[in-house]
*Asks:* 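Okay, handing you the structure first.
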Amino acid sequence: MSDGRHQPRYVVGVDVGTTAAKVVAFRLLDDAEPDVTSGSPAAVAVHEYPLVRPRSGWRVQDADAVVAATLTSLAGCVAQLDGGSVVAVSVSTAMHGLIALDAEARPLTPIVTWADARARDVARRLRETPLSASLHARSGTPVHSMSPLTKLCWFAENEPELMARAASWVGLKDLILHALTGHLVTELSSASGTGMLSIADRTWDAEAVALSGARLGQLPPVLPTTATLPLDADVARRVGLPAGTPVVLGAGDGPLGNLGTGAIRPGVAGLSLGTSGALRLVVDHPWADPSGRLFCYALTEDRWVLGTPISNGGAVVRWAGSVFAAERPDAPEEYAGPPVTDTDLLALAAGVEPGSEGLVMLPFLLAERGPLWDADLRGAYLGIRQRHTRAHFVRAAVEGVAYQLATILDGLDEVEPVTSIRATGGVFRSELWREVLSGALGRPLSVTAGAEGSALGAAALGLHAVGLEATLEDSLRRLAPGLVGDRADGSDRVVAPEASSAAYRDARASAGARLRDLADAAALLAGPSGTVRGNTVQPSGNKRQLVVRQGQTALH
């Protein structure tokens with residue numbers, strides 16, 4: 001609140017996600033007002049919209065509903081500010097969405113979201129060709145049904161008339177920027193998640209675009225994430241801001257999530273974990289993972305984010321609770337909802353020793369993304385014995401998610417050794433989740449509030465983009481002092497005992513051995529045809545050999 005001597009200034013972060021548009025205003029502090037607290041939002045407005053499932057595997061959004069929710073949230077946030085000025089509006093959106101527009105930029109399709117799996121068969125066919133590795137190396141985006149590349153291939157195969165009729169194919173970010181400014185453009189970060197951008201040249205990859213069935217002229221120009229456009233006059237009147245207010249193009253929600261939790265220093269990874277999750281590391285140049293495990297997306301021209309998302313996070317434990325503790329008063333009714341946190345269910349699992357007495361879960365319940373990028377992987381419990389109780393099964397679910405994240409950490413370590421992890425998400429309200437993740441990952445874990453996440457990241461990027469701070473780190477310090485480093489008293493830091501870490505290492509290593517132990521049983525169940533997931537079993541004498549490659553099991 002202004003005292004008449006200092007007119008307050010704000011930067012606004014717009015965070016448009018899968019089910020809601022959240023707009024947050026942050027106060028800029030000046031050296032002359034050290035008594036004013038910061039780090040907390042000055043104003044927040046949120047409006048939700050449904051994620052629609054018109055067919056099995058399809059997950060779409062109504063474009064008009066998303067735009068309306070975004071503008072309503074922006075107006076609601078601005079209305080809460082007590083005078084002062086907004087120096088910039090900066091935008092974060094979910095990545096990998098795709099929508100067709102006509103010549104007047106009107107939607108011809110819903111927004112086909114990252115969660116839409118209609119292109120699963122397209123992705124599978126592409127992964128079976130040598131082109132898959134080349135596409136990943138050039139674009140930084142794994143070949144998976146989430147990517148706009150495979151979605152466009154699906155439209156080319158199934159709706160060729162629409163492909164020809166569409167004037168533009170754009171993403172969620174491009175749609176929001178058009179709504180705010182009237183300009184149809186994209187930015188480097190969102191473009192780097194399409195599977196069609198050359199991360200070396202920062203331009204559309206002609207071969208990948210041709211493969212998609214689209215034309216180069218149907219894709220928007222790619223601008224830097226720090227570029228600005230003026231707020232449209234009509235929109236400005238609607239939301240209560242001056243016409244021409246700088247709109248910073250911003251970046252994707254994943255890269256901005258790292259920025260918004262302070263995980264941007266060398267060797268500091270960012271972990272977000274709720275129903276699903278991701279583990280990411282910021283580096284200073286694009287890097288193509290030769291193993292095919294990691295994505296590479298831009299934050300700015302000279303900051304790039306490596307990592308992998310997982311679809312199976314807290315949802316796995318929620319499922320375990322619905323199956324193994326259905327009669328308990330806190331049992332979830334639907335495992336796809338919010339993750340289980342501080343409940344009797346996790347207290348039950350906490351009574352089991354680390355490693356779950358040899359029980360290991362492969363947590364592939366929902367169609368998985370990384371690090372194998374195979375939506376057809378199926379989950380399993382390994383090493384089941386009579387001594388195992390429902391508490392073991394629930395704890396093994398928590399540990400299975402942690403082991404999945406540990407495989408991603410292995411890939412990040414090959415690029416740059418990870419020394420610590422900054423974590424955010426609903427599961428970290430649970431002591432069990434904190435202990436298991438710290439132990440399984442084998443690194444100190446600093447738990448941040450992270451409530452504003454990508455919105456704070458967008459605001460920090462915006463502050464830097466309009467020239468008010470020289471670096472992203474300076475921007476974070478201006479908006480949320482203390483976020484970049486750990487607390488001096490270590491109160492936000494979790495370090496698992498070495499004995500626990502050793503137990504998790506042993507349990508994770510045992511998974512491969514347990515799969516090999518199941519070779520004869522798998523061959524028996526395969527029957528006379530000897531097929532397991534389409535792979536032919538060929539006897540060699542009286543023996544069959546189990547081969548595990550990149551997490552996939554085949555019998556030979």
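Residues: numbered from 1 along the sequence shown. Just so you know, these numbers come straight off a predicted model, no measurement behind them.
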*Asks:* Do the non-hydrogen side-chain atoms of Leu346 and Val317 ever get within less than 4.5 Å of each other?
*Replies:* yes
*Asks:* Could you tell me if the side chain of Tyr49 sits less than 4.5 Å from the side chain of Val16, heavy atoms only?
*Replies:* yes
*Asks:* Using a 4.5 Å cut-off on heavy atoms from C-beta on, say whether the side chain of Val247 contacts that of Thr245.
*Replies:* no
*Asks:* Trp58: what forms a ring pair (Phe, Tyr, Trp, His ring centres under 6.0 Å) with it, not counting sequence neighbours?
*Replies:* Trp154
*Asks:* Got a sec, which residues hit salt bridge (Lys or Arg N to Asp or Glu O under 4.0 Å) with Glu435, two or more places apart in sequence or on another chain?
*Replies:* Arg395
*Asks:* Test of understanding: with side chain to side chain contact (heavy atoms under 4.5 Å, CB included), list the residues that count as partners of Thr471, not counting sequence neighbours.
*Replies:* Glu473, Asp474
*Asks:* Is there side-chain contact between Leu441 and Leu271, with at least one heavy-atom pair below 4.5 Å?
*Replies:* yes
*Asks:* Taking the side chain as everything from C-beta on, heavy atoms only, tell me whether Thr141 gets closer than 4.5 Å to Trp373.
*Replies:* no
*Asks:* Taking only residues two or more places apart in sequence, or in another chain, which ones meet Asp253 in a side-chain hydrogen bond (donor to acceptor under 3.5 Å, both in side chains)?
*Replies:* none
*Asks:* Side chain to side chain contact (heavy atoms under 4.5 Å, CB included) between Met196 and Asp205: does it pass, once the steps are laid out?
*Replies:* CA-CA 5 Å; Met196 296 180 290; Asp205 185 301; 5.6 Å; no
*Asks:* Is any side-chain heavy atom of Gln7 closer than 4.5 Å to a side-chain heavy atom of Ser85?
*Replies:* no
*Asks:* Which donor-acceptor pairs under 3.5 Å do the side chains of residues 64-71 make with protein atoms, sequence neighbours left out?
*Replies:*
| residue | atom | partner | partner atom | Å |
| --- | --- | --- | --- | --- |
| Thr70 | OG1 | Val66 | O | 2.8 |

*Asks:* Give every residue pair that meets the side chain to side chain donor-acceptor pair (under 3.5 Å) criterion with at least one member in residues 220-233, sequence neighbours excluded.
*Replies:* none
*Asks:* Output side-chain donor-acceptor pairs under 3.5 Å for residues 280-287, partner residues at least two apart or in another chain, one line each.
*Replies:*
| residue | atom | partner | partner atom | Å |
| --- | --- | --- | --- | --- |
| Arg280 | NE | Gly254 | O | 3.2 |
| Arg280 | NE | Asn258 | OD1 | 2.9 |
| Arg280 | NH2 | Gly254 | O | 3.4 |

*Asks:* My understanding is that only residues two or more places apart in sequence, or in another chain, count here; which of them pass side-chain hydrogen bond (donor to acceptor under 3.5 Å, both in side chains) with Asp410?
*Replies:* Arg508
*Asks:* Looking at every heavy atom in both Leu184 and Ser168, which two are closest together, and how far apart are they?
*Replies:* CD2-OG, 3.6 Å
*Asks:* Is there any side chain to side chain donor-acceptor pair (under 3.5 Å) pair reaching into residues 108-117, and which pairs are they, with sequence neighbours excluded?
*Replies:* Thr18-Trp114, Asp116-Arg118
*Asks:* Identify each donor-acceptor pair in which a side-chain atom of residues 400-407 lies under 3.5 Å from a protein atom, sequence neighbours left out, and give them as a table.
*Replies:*
| residue | atom | partner | partner atom | Å |
| --- | --- | --- | --- | --- |
| Gln404 | NE2 | Glu368 | OE2 | 3.3 |
| Gln404 | NE2 | Gly370 | O | 3.1 |
| Thr407 | OG1 | Gln404 | O | 2.6 |

*Asks:* Tell me, please, which residues at least two apart from Glu301 pass salt bridge (Lys or Arg N to Asp or Glu O under 4.0 Å).
*Replies:* Arg202
*Asks:* Among residues at least two apart in sequence or on other chains, which ones pass side-chain hydrogen bond (donor to acceptor under 3.5 Å, both in side chains) with Thr186?
*Replies:* Asp174
*Asks:* Hey, does Leu175 have a side-chain heavy atom less than 4.5 Å from the side chain of Thr93?
*Replies:* no
*Asks:* State, with a plain yes or no, whether a side-chain heavy atom of Leu231 is found less than 4.5 Å away from one of Val89.
*Replies:* no
*Asks:* Give me the atom names and distance for the closest heavy-atom approach of Ala458 to Ser90.
*Replies:* O-OG, 2.8 Å
